[in-house]
J.: 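This is the structure I want to talk about, given as structure tokens.
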Amino acid sequence: MSLRDITADDIESLAVGAWILGTGGGGNPYLPLLNMRALYREGYRVQLMDASDLADDDWVGVVANMGAPLVGQERLTDSRTLARAVALMEEHTGYRFAGLMSMEIGGANGVRSLMAAAHLKRPVIDSDTMGRAYPEAQMTSVAVGGLKPYPLTAVDVRGLESIVDRVPTWKWTERVARKICVEYGSVAATCQPPRTGAEVKQWGIHGTTTKAMAIGHAVRQAQRRHEDPVAAILAVEPGKLLYKGKVIDVERRATEGFLRGVVRFDGMDDWRGSDLTINFQNEWIVAYRDGEAIAMSPDLICVLDSVSGEAVGSETIRYGQRVTVIALPPPAVFLSPSGLAHVGPRAFGYDLEFRSVFRT
Amino acid sequence: MPLRDITLDDIESLAIGAWVLGTGGGGSPYLGLLNMRALYKEGHRVQLMPSDELLDNDWVAAVSNMGAPLVGQERLTDSRTIARAVALMERHTGYKFRGIMSLEIGGGNSIQPLMAAAHLKRPVIDSDMMGRAYPEAQMTSVAVGDLAPCPLTTVDVRGLESVVEKVPTWKWMERVSRKICVEYGSIASTCKAPRTGAEVKKWGIHGTTTKAIAIGHAVREAQRKHEDPIAAILGVEPGKVLYKGKVVDVERRATEGFLRGRTRFDGTDEHKGASLELNFQNEWIVAWLDKKPIAMSPDLICVLDSLSGEAVGTETIRYGQRVTVIALPPPPVFLSEKGLRHVGPRAFGYDIEFKSVFA
């Protein structure tokens, strides 16, 4: 049996690491972390399971909160809502899920699968479908794989429950589910289209919960020892330091259910005299240094607080912050022509050829 | 044998009568009628069943198209879409429907259950939940009766299918399903919350398909005989003539998914010198004669072409039309205190006490 217990300390690390993998989006994992602390105090425990231990005909529930991260600051996360989305999916399909996995490891959704797992007493699968955070339903490994885009369940704290039962494309899943979510008040707990064990093994992005914990652990260790937390991240992940600087301007606008905008930085240390601009749509999408595109999706662009090493989100970044920008390598599935069609710079409206920071 | 065959001639009459009962809204039944003509040509047949033949534990599907009537003029009615909404509800709930009924007998939705019934080979129940047309989901007899508002299925021609599985109130059902409908392109075929035979018998508004057929039949007979079609309607229904006049002004705006506005008339014949104003939200809601309210929901206010006797809709009424305005009595379920809260003048934002034309 290859299940391993997730400790309360692991979850503290997961919250820090998932926020870094959120590449500016996905929402701060702090409220899910508070939920998990409370659940662990009440005696709940969650276990982690490798995708390779799934039987091909097992069913896996894929979970995420959908909506505007800002709304989550007023309508606080309730761990039971997500569990209800999963239970509704089981009622609707008649499947019993062998495990639950995160739709996206990046941000708050990287922790939320644990909340549902605690209530439903299922393991969490150590895989996700983004390896980071992305704003739309068709920006996943399972969408790149052309897997079935339905059904999807959406529930909220009031007891509203809806099912998107059939759609012709992932983009339609996004459209219909997004409207339901907006009517609920721009936040809904969702159970995404169920996946078989075989599908998870073929199309999942593996080991990402473990990866997020390792990143968070490295940061917390470095904080405790007063060492450089950014160096600690680069010691556990094959990332690249892109820039150090200070935020000098933030343009942010909420449009079409997304947070879009531009952040500008003045260089410090080795980058003095060099300026950086990052464009975002919930997540950091393209970084321009002195007018030249130097990093772009699907490479992970992570903006970190230079002192604490913790992530800075696109909804909270502000004038004067001292940050370090690093890149982390993207999941291989997004580097194919089909993968780039889903999440490359053109998918976000930038007429750029994808060029990786990690090209050799 | 309690089932009776619906003839193609009945459906021609139904289309005319349902449009009269639509009180300006519900959309013209014309495209539904064209579908039924095609289905009957292909050999499909539909039967009508009185609700008292239902067993208490039978399940009944309630169907309607939801959305903006104007969109229906570009995205034409396809009879298979409404059948799929019913099939999805059966798959989702595991029920097998004994029959199919209309959410609203007024307007195009009167024909929707016939289209589903033709494909699925079930009878149409001779009852509905409005006895007319109304713009919102909570404006039904079953909402007045506080029956369960969910689940609801919604499908479209592209193959989109969604289920609103749980909501706390009818108003929430309206909100969530309306947004899905708008994303589909402002038109969706829906199967409403399934009803038991017992619920239909207690809360349904009965005999309304037969009533619409009778009204339409009277109008068509009068047209054929060159008699007064409006007198013919009042010969089969205990209605009242309110006004004869000419349209002098129409203000119409599409807001929040509804067609709102007002129409002004100058009197003709015995109403010469008197002016009438009708306020509408999809349906005609309040009629003001020389600024005094003389008729209001839930009384049915029907605007009819004075010559043909056929209904004039809020989306098509225009300057210069000669019309006769009549009132028909409302279903009793809407006359209770609770009924009036759902569909009385205040439910539409008019601060007036309901007073029936028939009081």
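Reminder, nothing fancy here: chain letters follow the sequence lines and each chain counts from 1.
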J.: Give the minimum heavy-atom separation between S162(A) and V176(B), together with the two atoms involved.
T.: OG-CG1, 3.6 Å
J.: Taking D156(A), V155(A), L152(A), V164(A) one by one, which has the highest count of heavy-atom pairs under 4.5 Å against chain B?
T.: V164(A)
J.: Relative to chain B, which segment of L88(A) carries a heavy atom at a distance below 4.5 Å: side chain, backbone, both, or neither?
T.: side chain
J.: Mind ranking S177(B), C150(B), G159(B) by heavy-atom pairs under 4.5 Å with chain A and telling me who comes out on top?
T.: G159(B)
J.: Is there a side-chain contact between W172(A) and R158(B) in this structure, where contact means two heavy atoms from C-beta onward sitting under 4.5 Å apart?
T.: yes
J.: Please look at I180(B) and chain A and tell me whether the side chain, the backbone, both or neither of the residue comes under 4.5 angstrom of a heavy atom of that chain.
T.: side chain
J.: Could you tell me if the side chain of L88(B) sits less than 4.5 Å from the side chain of R166(A), heavy atoms only?
T.: no
J.: Can you say whether I180(A) sits under 4.5 Å from chain B via the side chain, the backbone, both, or neither, judging by heavy atoms?
T.: side chain
J.: What part of L152(B) is in contact with chain A, defined as an atom under 4.5 angstrom from a non-hydrogen atom: side chain, backbone, both or neither?
T.: neither
J.: Could you measure the distance from the OG1 atom of T169(B) to the CG atom of L160(A)? Nearest 0.5 Å is fine.
T.: 8.0 Å
J.: To the closest 0.5 Å, what do you measure between CD (E165(B)) and CD (E91(A))?
T.: 7.0 Å
J.: Working to the nearest 0.5 angstrom, can you tell me the gap between E183(B) CD and E174(A) CD?
T.: 9.5 Å
J.: Surrounding CZ of R75(A) (heavy atoms of other residues, nucleotides or ligands, distance under 6.0 Å), is the total greater than 12?
T.: yes
J.: In terms of heavy-atom pairs under 4.5 Å, which option from R175(A), K179(A), E161(A) contacts chain B the most?
T.: E161(A)
J.: Quick check: closest heavy atoms across R91(B) and D165(A), and the distance to 0.1 Å?
T.: NH2-OD2, 3.3 Å
J.: Just checking E42(A): does its CD atom have more than 12 heavy atoms from other residues, nucleotides or ligands closer to it than 6.0 angstrom?
T.: yes
J.: Report the distance from atom NZ of K166(B) to atom OG1 of T153(A), rounding to the nearest 0.5 Å.
T.: 12.5 Å
